[in-house]
Protein chains: 2
Amino acid sequence: MDKSHKCDKTDKCAEKREAIIQAALELVAEQGFHGAPMAMIAEKAGVGAGTIYRYFENKDDLIRWIYKNVEERFVEVMMQGYPEDGPVRERLVHIGTALVRHLISEPLQLRFVEQFHNSPYGVDHRREKIFGQGRKDVISELFHEAVEQQIFKPLELAILFALFFGPLIDICRDHILGFIKLDDALIEQVVGACWDALRR
Amino acid sequence: MDKSHKCDKTDKCAEKREAIIQAALELVAEQGFHGAPMAMIAEKAGVGAGTIYRYFENKDDLIRWIYKNVEERFVEVMMQGYPEDGPVRERLVHIGTALVRHLISEPLQLRFVEQFHNSPYGVDHRREKIFGQGRKDVISELFHEAVEQQIFKPLELAILFALFFGPLIDICRDHILGFIKLDDALIEQVVGACWDALRR
DNA sequence: ATATAAGGAATGAAGGTTCATTCCGCAGGA
DNA sequence: TCCTGCGGAATGAACCTTCATTCCTTATAT
């Protein structure tokens, strides 16, 4: 829960809050949780150490809040312009390319989520899929449909997800690390390759 | 560097060392680095806190040593029975199934490596592929050959690796978490799907 | 003037590392 | 065979650093 403020109308509050969030996101993404002590987050955000506690109950609260928001952002991006009534392949390609494009344009968000998953914070998320519930519903529906129509191989959802999203996230990481250089054409090719993996 | 001991002939030394390694491996794999303080490692290994420092310079040294060994083990397993002169598909399937079978039979090793990669320890490994140099050579040779023979899609090595190993590691994680239940037949199917992704 | 926000030094808990001490096995002399 | 002295191995309490959190003072706005 985020602490409510009295000064809801002034911009300063929102600005400081945003600065704290951004600072924490960057530090965790770049240095991991070890490299993101509260004092450093405060300094980077240009606020006092105690000030953070006016906006967030504690560090857990701050971290979880950021995670939740980033996660929601992912779903949002994939659902934007989703061709709800298009053929399976078109819908899948949309999701894949939208995800990759977003992840490489917001490298900090990907790094943050990865840090989160491999940390004590992520323990309770272990049993969930890579992303949030909202996405899971629409997308698992798509995958389910494709299996029933015998377009996809008859495999469990978790495995189909691994075949599709696993490589996509890996190439985003490689791109961010400068190991490869993704452009629209290449993204298309890789999504196509993932499609081949799923295809019956 | 591991500290050399004088008592090379007694078994006790090796046993203690092994106990420390096993304890650290388990704790890090199960609880992450946060949940593996030296005191706890010592207790689990049945030795004094200071004893660890007779075998390893510091925590970094201990962790890196374990990582290096686990990594080597992976290469070893994949190269055991490698059909050097078989067709590309057979070689690839061998590598994939051997890797998956090993990872799910040694869940701690997979968890440990993942913890390592997403931690300050793994920073200098960021630029390398998922596994060690020894493997990279043989396997990248295989992939390279397959591209040249126009068996694989004409993509960079990093991307081909992502398409092949990404899903395999993901399904191992899902299996370990109890999300899916892998058996030999299923492993074969998934490796086949990865093959489809690579195939031209 | 009063209440709310901000600041940052102080606090206490936690963890890695050190070191003075104890333990143990054995070599060599009686 | 038994005793004694030695040296490496083991120990764990103590130390020091790091960090999240608190609390009291100062600034600001109504």
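We name chains A, B, ... by the order of the sequence lines, and we start the count at 1 in each one. None of these values were measured; they are calculated from a predicted model. Side chains included, hydrogens not; waters and symmetry mates left out as well; all remaining heavy atoms used.
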Engineer: Name all pairs fulfilling the side chain to side chain donor-acceptor pair (under 3.5 Å) condition that reach into residues 33-44 of chain A, sequence neighbours left out, sorted by first residue then second.
Structural biologist: A:E26-A:K44
Engineer: Once salt bridge (Lys or Arg N to Asp or Glu O under 4.0 Å) is applied, what residue pairs with a partner in residues 90-109 of chain B remain, sequence neighbours excluded?
Structural biologist: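 Every salt bridge (Lys or Arg N to Asp or Glu O under 4.0 Å) pair that includes a residue of residues 90-109 of chain B, provided the two are not neighbours, is B:R91-B:E145, B:R101-B:D184.
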Engineer: When the distance from NZ of A:K16 to C1' of D:dT28 is rounded to whole Å, what number comes out?
Structural biologist: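 From A:K16 NZ to D:dT28 C1': 12 Å.
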Engineer: State, without any angle test, whether B:E57 and B:Y53 hold a side-chain donor-acceptor pair at a distance under 3.5 Å.
Structural biologist: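 No donor-acceptor contact under 3.5 Å links the two side chains.
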Engineer: Walk along nucleotides 15-22 of chain D from 5' to 3' and tag each nucleotide B, S or - by protein heavy-atom contact under 4.0 Å, base first, then sugar-phosphate.
Structural biologist: ----SSBB
Engineer: How many whole angstroms separate atom CD1 of B:I52 from atom C1' of C:dC19?
Structural biologist: 16 Å
Engineer: Return each pair, listed once, that meets salt bridge (Lys or Arg N to Asp or Glu O under 4.0 Å) where at least one residue sits in residues 191-200 of chain A; pairs must be two or more places apart or across chains.
Structural biologist: A:D196-A:R199, A:D196-B:K153
Engineer: Measure CZ/B:R17 against P/D:dA9 and give the value in whole Å, please.
Structural biologist: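 So the CZ-P distance, B:R17 to D:dA9, works out to 13 Å.
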Engineer: In whole angstrom, what separates A:E43's CD from C:dA6's C1'?
Structural biologist: 16 Å
Engineer: Between atom OH in A:Y55 and atom C1' in C:dA6, what is the gap in whole Å?
Structural biologist: 8 Å
Engineer: In whole angstrom, give the distance that lies between atom CZ of B:R54 and atom P of C:dT18.
Structural biologist: 13 Å
Engineer: Quick one: A:I20 CD1 to C:dG7 C1', roughly how many Å, whole number?
Structural biologist: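 Answer to the nearest Å: 12 Å.
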Engineer: Kindly write out the residues that satisfy side-chain hydrogen bond (donor to acceptor under 3.5 Å, both in side chains) with A:H102, not counting sequence neighbours, or none if the list is empty.
Structural biologist: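 A:Q109.
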Engineer: Only pairs at least two apart or in different chains count here, so list each side chain to side chain donor-acceptor pair (under 3.5 Å) that has a residue in residues 73-89 of chain B.
Structural biologist: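 Qualifying pairs: B:R73-B:E76.
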